[in-house]
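Here is the naming used below: chain letters follow the sequence lines, and residue numbers restart at 1 for every chain.
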Number of protein chains: 2
Amino acid sequence: MSRSPTIIDVARRAGVSKSVVSRVMRGERSVSSSSRAAVSAAAEQLGYRANAVARSLVQRRTYNVGVMVSDLHNIFFAEVLDGLYAAAAARGYRALITTGNRDPAAERIAVEQLLELRADGVVLAGARLEADVIAGFARSVPIALVGSDLRLRDVDVVVDDDSRGATLAVEHLVGLGHRDIALIDGGHGAGAAQRRAGYESAMRSAKLARFARIEPGDFTEEGGYEGARRLLRRGKRPTAIFASNDQSAVGALNAIEEADLDVPGDISLMGYDNTALAALRHISLTTVHQPRRQIGEMAMTAVLRRIERPGARAQRHVLAPRLVLRATTAKPSRSVKRSR
Amino acid sequence: MSRSPTIIDVARRAGVSKSVVSRVMRGERSVSSSSRAAVSAAAEQLGYRANAVARSLVQRRTYNVGVMVSDLHNIFFAEVLDGLYAAAAARGYRALITTGNRDPAAERIAVEQLLELRADGVVLAGARLEADVIAGFARSVPIALVGSDLRLRDVDVVVDDDSRGATLAVEHLVGLGHRDIALIDGGHGAGAAQRRAGYESAMRSAKLARFARIEPGDFTEEGGYEGARRLLRRGKRPTAIFASNDQSAVGALNAIEEADLDVPGDISLMGYDNTALAALRHISLTTVHQPRRQIGEMAMTAVLRRIERPGARAQRHVLAPRLVLRATTAKPSRSVKRSR
DNA sequence: TATACTGACGGGAACGTTCCCATTGGGAAC
DNA sequence: GTTCCCAATGGGAACGTTCCCGTCAGTATA
């Protein structure tokens, strides 16, 4: 654990100048093969490891891209991260992950730290940050947003068409014969507003505006559970619940089952995201798919593009969501129909 | 996006020397209040942000702790990360997360990069790295292991007593009357070997060694699914399956249900970790709890301790696991008993 | 033979901080 | 009034690289 060896130590040992060592380390040619061999041997013996801090200082770039994930408990982001990682590695960058635990203040600090570390770019995945805070960050570094469809100058955005996805969900339920369809909302979560808007407009289009009910939620299991409990307790029970994401749908499932009701017999239930959770046979949740890995890849690609072409304009990528039919939706039961 | 302001720009604007600016930024007293005000104002106006790269270079430390997580898809680690984060933040360090996607080669590269970034310490969560590779890393930086119980000089270890946990699981099943208890293994996963050993010795203690069956797995859902399918297809069907972690237990659940068998009616099923997955009412998996958050806190504390007291000896912390009874275990059914 | 070019190499400046040391001025103590 | 001390400040060195430029020997070209 003594002072770690520097390029100078290696140079001394190899009997060359620090310049030659630097060249060898960076894989430059225009180094004689004998020098190259001597340097490699010396580096190996000393256990030399390049100092990225010093390199970053002089190059004025780090080849790091910061990734702030709002919630590591939501497996939705795991696959987004896969995509982010893969795209970064393919272009010679590293992705460094931090999180703010769904707390805007903590998220802000996390991003601030990434900027102090001089990340060359930043991806915000599911950020709950205010638009002007993000705009502020965007003035010092290329930023890409995943999931939050904010229209900001100089900020790349990669989203699925959340409004369209919500419409698909409502249309599916309406097609089955449901009319009393409640939404468990996503609050300030990324994309929640769009999903809410899609739900509302789809309900209107189906002439079901008077049935529309929006129950507060926050994209967590706990939020879904509480939301569903309120829906079941209060007034006429809906025949279908559309939860703003899979995480909260699973919470709702818990509440429904706790109330001794059957899904989809008594209530149909839908989620959003098509996470691994939804695919579990035991849950088998009807949901809306978004291409998570691809979203991650596109976001990283967008940031890298603007890192390497500083003038380039930010872009907005909107991906098409897709309905995934599973076992939690069915025609409304007769008994409930009759009760109207 | 022009060159970001430095301490010198701020100094010039505030009409003081760079030393004073540095002092203000680091919150040193022994700066007159007028200078302090001038510097703060200038920094604010210029949008100055401290350059952690330059600071790290001169201080020869980064206040970064690298965290390499083997699998971000396994929510087990999400709560470990909560603990790691909290403990780091409380002591003025940042945690930077990377992953190797359960691939030893990728994990190695990920850690190597953390060392190039000159992380002051590294936490390996669920690492699948070879012991000598880890030992090599430990020669340049304090390392703590989460989940992998490797006895290495100068490496902190935080684990639950996996062998004991597995024993608890087997004893529970035996207590219910099971004898034909199969294990779905965790392969090279962290803690898998200990859980396997606990299973084997508990089976022996219960005089059930001849029933012991170890089916390969890898801590993933897919692995659990495949393992259970093989168990159900081949020979006498076990009356209980103990999966090495919740993730694979859920996969096994899928396979069992696909085979039109009832849990726990036809087969009892246990997991390990007590993740949020297991707690889902719809799954309600009997499992073994480990205090994830606390594990994360302890691991971070251990690394920080050795960062700040370079000579200190590494420690090994073993936490007690605890049985969590839920709905997937019951007495073996009569029909199966009779078939013996 | 003189000139130009090329490959290999070395040395110094720069990156943006922190840290150490020297300097200054004013007030307290005598 | 002198001495001493301390708070406040400034300047330079250092951290470990990369990058640029200059040098030098050897070879090709005229």
Side-chain angles (χ1 to χ4, degrees), chain A residues 2-40 42-43 46-64 92 113 115-120 140-141, chain B residues 2-40 42-43 46-64 92 113 115-120 140-141:
Chain A
S2 59
R3 232 178 97 280
S4 57
T6 75
I7 213 175
I8 307 244
D9 300 322
V10 177
R12 194 150 27 220
R13 175 156 206 146
V16 297
S17 74
K18 64 179 177 33
S19 301
V20 174
V21 178
S22 175
R23 277 188 266 264
V24 171
M25 290 305 155
R26 284 176 295 125
E28 253 189 36
R29 61 206 181 297
S30 112
V31 174
S32 71
S33 52
S34 63
S35 299
R36 186 179 303 278
V39 168
S40 303
L46 293 173
Y48 171 77
R49 195 158 8 228
N51 185 330
V53 174
R55 175 185 312 204
S56 297
L57 182 61
V58 56
Q59 293 196 138
R60 274 123 129 248
R61 59 186 306 181
T62 55
Y63 290 94
N64 293 334
Q113 292 190 338
L115 297 185
E116 290 194 357
L117 291 173
R118 290 303 191 264
D120 294 337
S140 35
V141 82
Chain B
S2 59
R3 231 177 96 283
S4 57
T6 74
I7 213 175
I8 306 244
D9 301 321
V10 176
R12 192 149 30 218
R13 176 155 208 147
V16 296
S17 75
K18 65 179 176 31
S19 300
V20 174
V21 178
S22 174
R23 278 189 265 264
V24 172
M25 290 305 155
R26 283 175 296 126
E28 253 190 38
R29 62 209 180 297
S30 109
V31 173
S32 70
S33 53
S34 64
S35 298
R36 186 178 304 278
V39 168
S40 302
L46 293 173
Y48 172 78
R49 192 152 17 222
N51 185 330
V53 174
R55 177 186 314 209
S56 297
L57 182 61
V58 56
Q59 294 197 135
R60 272 122 130 249
R61 58 185 308 180
T62 55
Y63 291 93
N64 293 334
Q113 292 189 338
L115 297 186
E116 290 194 357
L117 292 172
R118 291 301 190 264
D120 294 337
S140 35
V141 81

Just the rounded figure in Å: distance from [atom2] of [N] to [atom1] of [X].
X: A/Ile8; N: D/dT18; atom1: CD1; atom2: C1'; result: 12 Å
X: B/Leu117; N: D/dT17; atom1: CG; atom2: P; result: 13 Å
X: A/Ile7; N: D/dC19; atom1: CD1; atom2: C1'; result: 12 Å
X: B/Glu28; N: C/dC19; atom1: CD; atom2: P; result: 8 Å
X: A/Arg61; N: D/dC19; atom1: CZ; atom2: C1'; result: 15 Å
X: A/Arg26; N: D/dG16; atom1: CZ; atom2: C1'; result: 13 Å
X: B/Leu46; N: C/dG16; atom1: CG; atom2: P; result: 14 Å

**Fill in**
Heavy-atom contacts, protein to nucleotides 9-15 of chain C, under 4.0 Å, summarised as B (base), S (sugar-phosphate only) or - (none) per nt, yield BBBB--B
**Message:** I'd like to check the ring pair (Phe, Tyr, Trp, His ring centres under 6.0 Å) partners of A/Tyr63; sequence neighbours left out, ordered by chain and number.
**Reply:** A/Tyr93
**Complete:** In short, B/Val31 meets B/Arg23 closest at the heavy-atom pair CG2-CB, 3.7 Å
**Message:** How close do A/Val24 and A/Arg36 get, counting heavy atoms only, and between which atoms?
**Reply:**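 In terms of heavy atoms, the two residues are closest at CG2-CA, 4.1 Å.
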**Request:** Can you tell me which residue pairs pass the salt bridge (charged side-chain N to carboxylate O under 4.0 Å, His left out) test with a partner in residues 48-60 of chain A, sequence neighbours excluded?
**Result:** A/Arg49-B/Glu112
**Prompt:** Can you find a side-chain donor-acceptor pair between A/Ser22 and A/Ser19 that sits under 3.5 Å?
**Reply:**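 There is no such pair (donor and acceptor under 3.5 Å, judged by atom type) between the side chains of A/Ser22 and A/Ser19.
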**Prompt:** Would you say the side chain of A/Glu116 lies within less than 4.5 Å of the side chain of B/Val53, judging by non-hydrogen atoms?
**Reply:** no
**Message:** Return the pairing partner of C/dC30 with a 3.5 Å limit on both distances, Watson-Crick or G-U wobble; otherwise return none.
**Reply:**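 Matched C/dC30 with D/dG1 under the 3.5 Å cut-off.
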